[in-house]
2 protein chains.
Amino acid sequence: MVHAPALQHRLPADSARFQTSPASDSGRRTLAEAEALCRARGVRLTPIRRRVFEMLLGSPKPLGAYDLADALASQGRRMAPITVYRALDFLIEQGLAHRLASRNAYIASTGSRETPAFLVCDGCGEATEITCQEVAATVRRVLSAQGYKPLARALEITGRCVHCQDVH
Amino acid sequence: MVHAPALQHRLPADSARFQTSPASDSGRRTLAEAEALCRARGVRLTPIRRRVFEMLLGSPKPLGAYDLADALASQGRRMAPITVYRALDFLIEQGLAHRLASRNAYIASTGSRETPAFLVCDGCGEATEITCQEVAATVRRVLSAQGYKPLARALEITGRCVHCQDVH
DNA sequence: TCGAAACATGTAGTGTTATAACCTCTATGA
DNA sequence: TCATAGAGGTTATAACACTACATGTTTCGA
């Protein structure tokens, strides 16, 4: 489960146009932001919710609900699955986490209300959140062309990351 | 479970730029195509696989594996879950179906090897396959900008369809 | 045409993810 | 101080997916 932080640095061509948010180097900041955000909204970032959020922040890859339960068990009393799910529901509602349906796993997010996109590696499972006008605009346009109203759900784009391209 | 076929006709503005493929009105044609495609590839569209594929083709919304088992039970002997999953695996390998992870459900597809996109309604669950150069290009660009190699996985875009916008 | 190999399906059991139903505790404010 | 709302505890179960192994079926070459 231990994993070196993603090497986000040596990237091709036009990566400058994307804002990426690897969880690993923004933990502290994001935790403070989350607290501020919850205060502002009048909702409670309780100890359980906070621990789940920290766990997600600290992980370079999305975690399953039962992974979270295991991990949290090692730092205290075991938590029932439903408890984890309730915390996750809260975090998702507040935009602090997203469910990656393609992996049945959960990942910390920025709390912004915009539709985020995640690049998910088919090999190692690591996921990178990107905020990209182009993606957002394309999604909006495609939806409205079919008469759909957009929802702020995470967009999952599957591929194979730099480190996993040769393998398998 | 019975559901009127989607009204795909009165659509906003620039829908002409998208090729949509509602399952309901292309069943016959697509079944023949699937047969041809399997023959050409030297793989076998066995009775079980064919029935599962027909079931998917006939449904306006994605079906769960156990839905399929139930539906197929009503037209003969009950099928074990694993049998359904095996048929689905085959169809997915051949590009004749896709798994919609956000719904734990499966949907018939065209068999083309390109990355398709599905608009999935958060309300009724109906899904529309679209083939759109713009979407494909955006996905490719975003992936390569982060050093990812594209995979031909279905892209799921969630929204609320025309009929479900007022409800809930 | 016989038999080996490859592929497809049957059977039983289990693993994994997610939720239902109901109860208790605690903080808050009228 | 007591009613209330929200958070969390407990137990059980639903829903989805797969492993392992046995049995059939098709195909193809000797």
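Keep in mind that this is a model prediction, so the values were computed, not measured. Here is the naming used below: chain letters follow the sequence lines, and residue numbers restart at 1 for every chain. When reading the values below, keep in mind they use all heavy atoms of this one structure, side chains included, and skip hydrogens, waters and symmetry mates.
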Distance, rounded to the nearest Å, where [X] contributes [atom1] and [N] contributes [atom2]:
X: A:Ile82; N: D:dG8; atom1: CD1; atom2: P; result: 12 Å
X: B:Met79; N: D:dA17; atom1: CE; atom2: P; result: 17 Å
X: A:Gln94; N: D:dG6; atom1: CD; atom2: P; result: 13 Å
X: A:Tyr66; N: D:dA15; atom1: OH; atom2: C1'; result: 11 Å
X: B:Glu93; N: C:dA8; atom1: CD; atom2: C1'; result: 13 Å
X: B:Ile48; N: D:dT26; atom1: CD1; atom2: C1'; result: 15 Å

With a 4.0 Å cutoff (strictly under), does any side-chain N or O of [X] reach OP1 or OP2 of [N]?
X: B:Tyr85; N: D:dA17; answer: yes
X: B:Asn104; N: D:dA15; answer: no
X: B:Tyr106; N: D:dC16; answer: no
X: B:Thr83; N: C:dA8; answer: no
X: A:Arg103; N: C:dT17; answer: no

Sidechain-backbone polar pair: A:Glu129 side chain, A:Pro116 backbone, donor-acceptor under 3.5 Å: no

5'-most by nearest nucleotide on DNA chain C - A:Ala65 or B:Ala80: B:Ala80

Test applied, side chain to side chain contact (heavy atoms under 4.5 Å, CB included); reference residue, A:Phe90; option that passes from A:Leu45, A:Ile48, A:Val52, A:Thr46: A:Leu45

B:Arg86 (side chain) and C:dG10 (base): donor-acceptor pair under 3.5 Å: yes

Here the gap from A:Arg99 atom CZ to A:Arg103 atom CZ, rounded to the nearest 0.5 Å, amounts to 12.5 Å

Look up atom CD in A:Glu54 and atom CG in A:Leu31, then write down how far apart they are to the nearest 0.5 Å. 5.0 Å

Each nucleotide in nucleotides 23-30 of chain C should get exactly one letter: B, S or -. Can you fill that in based on protein heavy atoms under 4.0 Å? --------

Between B:Tyr106 and B:His98, ring centroids under 6.0 Å: no

Can you tell me which nucleotide in D:dG8, C:dT11, D:dG9 comes closest to the side chain of A:Arg77? D:dG9

Salt bridge (Lys or Arg N to Asp or Glu O under 4.0 Å) contacts in which one or both residues fall within residues 144-154 of chain B, not counting sequence neighbours: A:Asp122-B:Arg153

